[in-house]
Amino acid sequence: MATMPAQRAATRVSSGGGRLVFGKPEKAKGGRLLVRSCDNGGGGRNGRRVSVSVEAVNGAVKLNGAAVVADVRQVPAPPPPPSSVDDAGDAFRLGKFVEARLVYRQQFVIRSYEIGPDRTATMETIMNLLQETALNHVMCSGLAGDGFGATRQMSLRKLIWVVTRINIQVDKYSRWGDVVEIDTWVASSGKNGMRRDWIIRDRNTKNMIAGATSNWVMMNRETRRLSKIPEEVRQEVLPFYLDRSIIAADADAGGRKIEKLTDSTAQHIRSGLAPRWSDMDVNQHVNNVKYIGWILESVPLDVLEDYHLTSITLDYRRECRQSQLLESLTSMTTAEPAPPLPAAAGRCGGDLHSTHLIRQQDDGAEIVRARAEWRCKEHRGAMKQP
């Protein structure tokens with residue numbers, strides 16, 4: 001309430017028909033400049049002299065002793081000259097098309113809230129960046145409708161994309177402040193699917209540090225039933241298809257079926273996992289990235305501390321809603337033993353393989369199957385360039 005008189009006074013002064021002319025400023029204590037009167041420029045017929053007190057203290061303006069809130073504008077600083085703008089390092093730019101608009105490229109800075117206990121980006125961070133790049137690809141292509149990555153023709157038919165399988169291979173996890181560059185493109189996958197691939201590079205070295213591939217199908221957002229790709233949608237996306245694979249079939253275990261874990265085959269089970277409202281996406285189901293966290297809930301702590309998750313394949317079986325309680329099952333196996341390390345090098349030995357299952361707790365219905373590979377943090381290998 002104390003600021004209301006100042007707001008009314010400011011309105012009366014600034015709404016005069018003529019120009020606003022302040023009187024000669026007077027010096028006061030504390031470095032203040034005072035103006036005791038001003039003229040609204042009305043002159044002799046309609047004009048009148050208005051007695052106000054305008055006080056400037058350290059750049060803050062006060063009118064009649066109260067801070068001026070209304071009708072005070074800050075002049076924006078002029079943009080920097082073109083010579084000082086680093087286009088390659090502009091972290092705020094959405095991205096751009098390369099290779100004749102077949103590949104979409106975007107850069108990201110790894111933020112402090114995107115790293116884990118070992119000070120590197122997490123697998124969830126990587127999946128979030130992949131998803132963001134894919135959605136911006138659709139947006140910047142001019143195809144976006146009103147859905148989550150859906151095209152205009154998809155939106156007209158109430159269709160959405162749902163992922164059925166994704167495989168991510170990581171050679172090096174970025175650290176806080178690192179800048180990564182992500183390329184993505186799409187291609188057909190069978191008669192009624194689409195494949196999307198990604199490459200992640202370190203912006204400074206241009207070395208590839210991760211790669212991913214995924215398969216997508218269409219679903220009716222109201223009936224929740226899978227749908228064929230309408231010809232109108234196919235014609236929309238066809239100009240953007242690039243038949244290029246970043247991960248070979250044999251590197252993804254030939255696309256073979258992931259073993260189903262049971263109570264008798266799982267070594268670790270974590271129950272009572274509850275999806276939160278923030279886990280839901282705009283398509284009204286749990287975002288596919290959230291399953292990574294639930295998978296890790298049943299992985300032994302010593303594995304998380306001593307190993308890097310270098311590869312994971314997720315096979316999505318059905319949707320998950322917020323009202324469902326989930327269970328996470330994990331089984332760990334040892335790969336071929338590694339050469340012995342010095343005692344001071346760490347506790348881990350050979351690489352590990354793991355199998356995972358996320359299921360509904362009440363009826364055991366499968367949500368996600370997963371397969372992963374783990375490498376001891378002391379001797380990471382290098383992913384080959386494509």
Side-chain angles (χ1 to χ4, degrees), residues 108-130 166-182 198-213 246-248 251-253 258 266-268 270 289-314 328-356 358 370-386:
F108 297 93
V109 178
I110 303 301
R111 309 296 184 180
S112 60
Y113 50 81
E114 295 174 324
I115 61 175
D118 60 357
R119 302 186 180 185
T120 61
T122 65
M123 181 62 76
E124 289 174 283
T125 294
I126 293 175
M127 289 191 68
N128 277 320
L129 297 183
L130 298 181
I166 185 169
N167 173 241
I168 304 174
Q169 297 184 10
V170 181
D171 175 65
K172 178 183 178 182
Y173 285 91
S174 301
R175 293 185 172 273
W176 175 26
D178 288 351
V179 180
V180 296
E181 181 180 87
I182 303 180
W198 297 267
I199 290 177
I200 304 180
R201 298 184 182 91
D202 182 279
R203 180 199 158 207
N204 291 328
T205 65
K206 299 301 181 182
N207 291 332
M208 177 178 170
I209 58 177
T213 187
I246 184 59
I247 297 178
D252 189 21
I258 301 175
Q267 300 169 345
H268 311 276
R270 177 71 182 272
V289 178
K290 301 299 181 179
Y291 296 102
I292 294 290
W294 291 326
I295 286 172
L296 298 181
E297 284 292 324
S298 58
V299 174
L301 182 59
D302 58 344
V303 174
L304 299 177
E305 290 177 340
D306 297 337
Y307 289 81
H308 281 298
L309 178 56
T310 58
S311 174
I312 187 168
T313 301
L314 296 103
S328 175
L329 288 71
T330 290
S331 177
M332 308 291 305
T333 59
T334 304
E336 295 182 3
L341 295 173
R347 294 179 296 175
C348 59
D351 295 345
L352 301 177
H353 293 168
S354 60
T355 306
H356 309 271
I358 302 295
R371 177 176 54 240
E373 296 178 2
W374 305 77
R375 186 174 300 157
C376 187
K377 291 181 179 179
E378 280 74 19
H379 47 97
R380 288 175 288 170
M383 182 180 290
K384 296 181 178 180
Q385 290 277 7

Does the side-chain contact (heavy atoms from CB on, under 4.5 Å) test come out yes or no for I246 and Q169, once each step is laid out? CA-CA 10 Å; I246 184 59; Q169 297 184 10; over 6 Å; no

Tell me the closest heavy-atom pair linking [X] and [Y], and the distance in Å.
X: S328; Y: I295; result: OG-O, 3.6 Å
X: H356; Y: A372; result: NE2-CB, 4.0 Å
X: L130; Y: A212; result: CD1-CB, 3.7 Å
X: I247; Y: T213; result: CD1-N, 4.0 Å

Please name all residues satisfying side-chain contact (heavy atoms from CB on, under 4.5 Å) with S112, sequence neighbours left out, ordered by chain then number. W176

By side-chain contact (heavy atoms from CB on, under 4.5 Å), which residues pair with T125, not counting sequence neighbours? E114, A121, T122, L129

Evaluate the side-chain contact (heavy atoms from CB on, under 4.5 Å) criterion for residues N167 and S311: first the C-alpha distance (whole Å), next the side-chain angles of each, then the deciding distance (0.1 Å), finally the verdict. CA-CA 7 Å; N167 173 241; S311 174; 3.6 Å; yes

[atom1]/[X] to [atom2]/[Y] distance, rounded to the nearest 0.5 angstrom?
X: T355; Y: Q267; atom1: OG1; atom2: CD; answer: 9.0 Å
X: I126; Y: I312; atom1: CD1; atom2: CD1; answer: 11.0 Å
X: M123; Y: I168; atom1: CE; atom2: CD1; answer: 5.5 Å
X: I258; Y: L314; atom1: CD1; atom2: CG; answer: 7.5 Å
X: D178; Y: T120; atom1: CG; atom2: OG1; answer: 10.0 Å
X: R119; Y: R175; atom1: CZ; atom2: CZ; answer: 8.0 Å

Qualifying residue for salt bridge (Lys or Arg N to Asp or Glu O under 4.0 Å) with K377, from D306, D351, D118: D118

Could you please spell out the steps behind the side-chain contact (heavy atoms from CB on, under 4.5 Å) verdict for L304 and W374? CA-CA 9 Å; L304 299 177; W374 305 77; 4.0 Å; yes

If we check side chain to side chain contact (heavy atoms under 4.5 Å, CB included) with L352, which of these qualifies: T310, V303, T333, L309? V303

Among E373, M332, R371, find the residue that satisfies the side chain to side chain contact (heavy atoms under 4.5 Å, CB included) test when tested with S354. M332

By the salt bridge (Lys or Arg N to Asp or Glu O under 4.0 Å) test, which pairs, at least two apart or in different chains, include something from residues 289-299? R270-E297, D279-K290

Would a 4.5 Å heavy-atom cut-off, applied to side chains only, mark W198 and I166 as touching? yes

Answer whether the closest heavy-atom distance between the side chains of H308 and V170 falls below 4.5 Å. no

Candidate pair M208 and D171, rule side-chain contact (heavy atoms from CB on, under 4.5 Å), full reasoning: CA-CA 8 Å; M208 177 178 170; D171 175 65; over 6 Å; no

